[in-house]
Amino acid sequence: MINQRISIVENILSANDRLASDNRQRLDSARLFSVNIMASPGAGKTSLIERTVKTLSNRLKIAVIDGDIATSLDADRAAAAGALAVQINTGGDCHLDAVMLQNALNTLELGELDLLIVENVGNLVCPAGFKLGTHSSVLVASVPEGDDKPYKYPGTYQGVDVLILNKIDLLPYVPFKMDYFKQGVQALNPGISTFPLSCLTGEGLSTWYEWVEIQVSRYRQATNST
Ligand code: MG
Ligand code: ZN
């Protein structure tokens, strides 16, 4: 009984992986660099996206695909900031999967875009387990969540390429031991690029914007030469 259940879960994940690699092929043939942004609810994914779009949209044509359980609030904010925004209502699902991304990609002119940002559903457990086909995975952690999160959600901290630590303006007011947080991150994901910043005050954001622009231009150079 239990073995059968495991094989069903494996089948679902491998079907998802196949679709994720289809998505990647579509993105690559459109030469569109894409990031999947994951975080717990309230860490600041939407605020980060909003500020990123506002700052970079004069240089890059950006689309935002927003996963949300029930509302279009986040997509509305991304659109107001100047992105082409697509809403995915997951109908209660706590993560995006490759089919949902595929459907959203169908609504965009991929070849006309420079950057695709996917905002995953706020959840530190399963989004990291469902590949979407995006090029880079970004985790947004935040100071008020606490310094123990890498220890409690190792799967997510392990499975990402970039770590943002948001709300650093709150460091003087909450018990957050930076060394303890960093040790946890380091054990799971050694050398991961990390951006401490505050979407409220703007501190640290320019380094993040720079990273995004460098990724887009490196990706274009790499797809040019093939
Ligand atoms: Mg959001
Ligand atoms: Zn889920």
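Every number for a ligand or one of its atoms is a count from 1 in the order of the listing.
Among heteroatoms of the N, O or S kind in D74, OD2 lies nearest the Mg ion (ligand 1). Here the N, O or S atom of H95 that is nearest to the Zn ion (ligand 2) is ND1.
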Trace of the side-chain hydrogen bond (donor to acceptor under 3.5 Å, both in side chains) decision for S193 with W211: CA-CA 10 Å; S193 307; W211 181 87; 4.6 Å; no
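With D114 as reference, R220 is the one residue of R31, K61, R59, R220 to meet the side-chain hydrogen bond (donor to acceptor under 3.5 Å, both in side chains) rule.
Using a 4.0 Å cut-off between charged side-chain N and carboxylate O, K45 and D74 make no salt bridge.
If you look at Y151 and Y180, their ring centroids are closer than 6.0 Å.
Checking E119 against the Mg ion (ligand 1), an N/O/S atom falls under the 2.8 Å cut-off.
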